[in-house]
Amino acid sequence: VRIIAATNRDLKTESEQGHFRSDLFYRLSVFQIKLPPLRERIKDIEDIASFFLRHFSLKNKKNITSMSSEYLKKLQAYPWEGNIRELKNIMERAVILCDTNQLTPDELPYEILFSASVSSETNTSFDLASVEKMHIQKVLRHTGGNKTEAARLLNIGLTTLYRKIDEYKL
């Protein structure tokens with residue numbers, strides 16, 4: 001029998017401090033693989049996210065074929081404290097919420113959309129125009145594209161909504 005185990009702790013240190021059985025540590029540590037956290041492997045995020053996109057698209061019987069560049073930038077800017085498990089959950093959530101053939105930032109949760117680690121060189125979601133654009137997109141999606149209803153829900157005039165749609169190229 002060969003046992004494969006994974007942990008985010010330094011088992012040698014834990015063993016030395018008496019928090020992990022040293023005999024078990026030596027049985028497990030025949031061959032060790034050190035894998036850096038996802039936040040240190042930003043180049044891998046696109047490939048891993050693409051894998052989960054295909055997997056969850058098939059599982060949910062959806063035809064989602066790509067991620068927008070803004071969506072990918074948000075994923076790459078996030079610190080991923082939960083590593084690949086967190087990315088997997090985010091991708092599953094996004095596929096469930098998506099009603100087009102491409103993932104966009106609209107399918108991302110609040111903490112990723114407004115992550116403090118987003119580069120200040122790019123247009124961040126703290127920018128009022130970015131927040132307004134995303135909100136209008138969500139309301140339009142909610143109303144199925146009905147602009148009159150969207151304007152009513154947004155509490156703005158229909159001409160203002162049309163101007164915003166043109167301004168943000170929605």
Stepwise, does the side-chain contact (heavy atoms from CB on, under 4.5 Å) test hold for Leu140 with Ile165?
CA-CA 10 Å; Leu140 283 168; Ile165 289 171; 4.1 Å; yes

Inter-residue atom distance His135.NE2 - Leu128.CG, 0.5 Å rounding:
11.5 Å

Does Leu154 form a side-chain contact (heavy atoms from CB on, under 4.5 Å) with Thr160? I'd like the steps, not just the answer.
CA-CA 10 Å; Leu154 290 165; Thr160 303; over 6 Å; no

Does a donor on one side chain sit under 3.5 Å from an acceptor on the other, for Thr143 and Asn146?
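Not at all, the side chains of Thr143 and Asn146 share no donor-acceptor pair under 3.5 Å.
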
Same cluster or not: are Leu170 and Val131 linked, directly or through other Ile, Leu, Val, Met, Phe, Trp or Tyr residues, by side-chain heavy atoms under 4.5 angstrom apart?
no

Is there a path from Met91 to Tyr110 through hydrophobic residues (I, L, V, M, F, W, Y) whose side chains come within less than 4.5 Å of each other?
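They do share one cluster, since a chain of ILVMFWY contacts under 4.5 Å joins Met91 to Tyr110.
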
Please report the shortest heavy-atom distance between [X] and [Y], naming the atom on each side.
X: Leu75; Y: Leu108; result: CD2-CD2, 4.0 Å
X: Pro36; Y: Glu40; result: CB-OE1, 3.5 Å
X: Leu87; Y: Ile45; result: CD2-O, 4.3 Å
X: Leu161; Y: Ala151; result: CD2-N, 3.7 Å

Only counting residues at least two apart or in another chain, list the ones meeting side chain to side chain contact (heavy atoms under 4.5 Å, CB included) with [X].
X: Pro109; value: Ile90, Arg93, Glu111, Ile112
X: Ile3; value: Val1, Leu28
X: Ser29; value: Phe25, Tyr26, Gln32

Would you give me the side-chain donor-acceptor pairs under 3.5 Å for residues 61-68, sequence neighbours excluded?
| residue | atom | partner | partner atom | Å |
| --- | --- | --- | --- | --- |
| Lys62 | NZ | Val95 | O | 3.0 |
| Lys62 | NZ | Ile96 | O | 2.9 |
| Lys62 | NZ | Cys98 | O | 2.7 |
| Thr65 | OG1 | Asn101 | O | 3.3 |
| Ser66 | OG | Gln102 | NE2 | 3.3 |
| Ser68 | OG | Glu70 | OE1 | 3.4 |
| Ser68 | OG | Tyr71 | N | 3.1 |
| Ser68 | OG | Leu103 | O | 3.4 |

Side chain to side chain donor-acceptor pair (under 3.5 Å) contacts in which one or both residues fall within residues 82-91, not counting sequence neighbours
Tyr78-Glu86

Pairs where [range] contributes a residue and the test salt bridge (charged side-chain N to carboxylate O under 4.0 Å, His left out) is met, not counting sequence neighbours:
range: residues 18-32; value: Arg21-Asp23
range: residues 143-155; value: Glu149-Arg152
range: residues 43-55; value: Arg41-Asp44
range: residues 128-137; value: Glu132-Lys164

Taking only residues two or more places apart in sequence or in another chain, which ones pass salt bridge (Lys or Arg N to Asp or Glu O under 4.0 Å) with [X]?
X: Lys59; answer: Glu92
X: Asp166; answer: none
X: Glu16; answer: Lys12

Please check if the side chain of Trp80 supplies one atom and the backbone of Ile42 the other of a donor-acceptor pair under 3.5 Å.
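No, Trp80 side chain to Ile42 backbone: no donor-acceptor pair under 3.5 Å.
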
Using side-chain heavy atoms (C-beta onward) and a distance below 4.5 Å, is Phe52 in contact with Ile84?
yes

